[in-house]
Amino acid sequence: MSINKIPVLDLKPQYQALKDEIKTAINAVLESGQFIMGPEVKRFEEEVAAYLGVNHAIGVNSGTDALVIGLRALGIGEGDEVITTPFSFFATAESIGNVGAKPIFVDINPHTYNIDPKAIKEQITSRTKAIMPVHLYGKPAAMGQILDIAQAHNLKIIEDCAQSFGAKYAGTCSSCQESCQEDTRAQISGKLTGTIGNVGAFSFFPSKNLGAYGDGGLIATDDDQIAEAARMLRVHGAKKKYHNEVLGYNSRLDSLQAAILRVKLKYIDEWNQGRRRVAKTYNEFLADADGIITPELADGHVFHQYTIRVLDGKRDLVKQYLAEQGIGSMIYYPVPQDKLPVYQGQYSANSVSDVLAGEVLSLPIWAELAETDIKRIVETIKQALIV
Ligand SMILES: *Cc1c(COP(=O)(O)O)cnc(C)c1O
């Protein structure tokens with residue numbers, strides 16, 4: 001008997017539901033003959049700016065480019081240090097290195113998987129120019145405390161929102177279990193990730209919560225000067241064509257992706273709600289599983305990933321057993337950024353991040369994932385823990 005497979009991500013149900021709308025949008029671009037920038041990109045940027053509640057949204061080629069161009073627009077470069085989390089995809093640190101600055105990794109909070117604000121303070125030097133928090137797995141970082149630190153030390157904040165489109169800072173510190181200025185929290189409570197720091201950098205890689213059918217990214221900012229710099233950098237450093245002022249990039253969001261994203265933007269809140277429903281169901285079914293730590297269903301968390309911790313050295317065994325039963329799972333991330341070969345021996349250990357890299361396991365999640373499938377995944381995990 002062949003087993004019914006459950007992949008770690010299935011994009012087909014979403015496409016099936018939107019097929020007609022997507023095809024109409026793609027066709028309109030093909031008929032228009034306008035493939036680079038143009039009206040679709042402009043409209044998408046306006047709609048995202050309205051959705052996020054920011055003055056400027058600037059489409060670029062990828063989330064990685066959004067980080068690089070965001071850093072450049074903030075004036076960060078050679079000799080500067082940017083404090084970030086070790087527990088993220090390499091694009092986070094890579095973007096800092098690619099503008100000539102140095103990533104400084106500080107440890108994470110084991111309850112939130114996100115950068116630990118207390119650890120940030122200890123690493124600030126005269127070279128520190130910015131903090132780059134990542135809202136990992138779609139969970140907003142402790143922005144209240146991060147904002148307080150940035151303001152006290154005159155640092156910029158560039159938020160890596162690749163996994164957190166639509167996530168909202170809830171203004172509570174229950175999950176990070178640390179105190180911070182209540183007035184700062186109240187001031188930013190209810191704001192979407194990417195709108196709290198100076199720059200928000202988003203990715204539309206197909207598997208992200210708001211995914212294109214190819215690469216894409218976006219920079220969000222309220223600041224006119226940052227926006228102007230970013231708009232210039234994405235087209236070879238020219239405000240006016242053939243009058244290039246600085247070394248920039250060829251990093252535009254293409255019109256086809258913009259048209260597809262305009263269709264999808266209308267559904268993002270619904271899909272994020274669906275992801276939260278899946279996470280809640282997992283948490284209920286996993287509540288009695290020994291040796292598993294489930295993620296908190298924090299307000300505003302959009303569950304780009306549903307990631308558990310498997311204790312007692314059993315993570316790889318559970319992953320293997322799931323695979324044997326036809327169930328996909330992923331490890332985000334098996335090697336913290338500071339431990340990657342590219343940085344061999346350059347950084348000292350971050351104990352929490354190092355431990356979590358050996359324990360985390362991301363389970364299948366998408367908005368339409370059925371409860372019967374979640375049940376089967378959880379039962380399989382429980383079986384794996386007994387064998
Ligand atoms: C996906 C991702 C990126 C990079 O986005 P791309 O669009 O693939 O360039 C950056 N940071 C994090 C945390 C990501 O998950």
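For ligands, and for the atoms within them, numbers begin at 1 and follow the listed sequence.
Within the 4.0 Å heavy-atom criterion, both parts of T64, backbone and side chain, lie near ligand 1. Only the side chain of A91 comes within contact range of ligand 1, with a heavy atom under 4.0 Å; no backbone atom does.
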Could you walk me through whether S251 and D65 pass side-chain hydrogen bond (donor to acceptor under 3.5 Å, both in side chains), step by step? CA-CA 7 Å; S251 183; D65 279 8; 2.6 Å; yes
Derivation of the side-chain hydrogen bond (donor to acceptor under 3.5 Å, both in side chains) call for E81 and T125: CA-CA 8 Å; E81 291 179 356; T125 71; 3.0 Å; yes
Residues S362, T307; criterion side-chain hydrogen bond (donor to acceptor under 3.5 Å, both in side chains); working and verdict: CA-CA 4 Å; S362 297; T307 305; 2.8 Å; yes
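Atoms of ligand 1 found under 4.0 Å from any heavy atom of G63, numbered from 1 in the order shown, are 5 (O), 6 (P), 7 (O), 9 (O). Close contacts between ligand 1 and V134 involve ligand atoms 13 (C) [criterion: under 4.0 Å to a heavy atom]. Close approach to S62 involves these atoms of ligand 1, each under 4.0 Å from a residue heavy atom: 7 (O), 9 (O). Heavy-atom proximity to T92, at under 4.0 Å, picks out these atoms of ligand 1: 11 (N). Residue-ligand proximity, S88 to ligand 1, at heavy-atom distances under 4.0 Å covers atoms 13 (C).
Listed here is the closest heavy atom pair of I308 and V310: CD1-CG2, 3.9 Å.
Here side chain to side chain donor-acceptor pair (under 3.5 Å) pairs that include residues 316-330, with residues two or more places apart or in two chains, are Q320-E324, Y321-Q383.
Geometrically, K375 engages F285 in a cation-pi contact, judged by NZ or CZ lying under 6.0 Å from the ring centre and within 45° of the ring axis.
Of the protein's heavy atoms, D160 OD2, 2.8 Å lies nearest to atom 11 (N) of ligand 1. Of the protein's heavy atoms, K208 NZ, 3.0 Å lies nearest to atom 14 (C) of ligand 1. Among protein heavy atoms, the minimum distance from atom 12 (C) of ligand 1 is reached at A162 CB, 3.4 Å. Taking atom 8 (O) of ligand 1 as the reference point, the nearest protein heavy-atom neighbour is F205 CD1, 3.9 Å.
Using a 4.0 angstrom heavy-atom cutoff, G217 does not count as in contact with ligand 1.
By the 4.0 Å N-to-carboxylate-O rule, E21 lies close enough to K266 to be salt-bridged with it. Using a cut-off of 4.0 Å between Lys/Arg side-chain N and Asp/Glu carboxylate O, R43 and E40 are scored as salt-bridged.
For Y213 and F204, the ring centers sit 6.0 Å or farther from each other.
Of all the listed residues (S203, A212, P206, C161), S203 holds the heavy atom that lies closest to atom 7 (O) of ligand 1.
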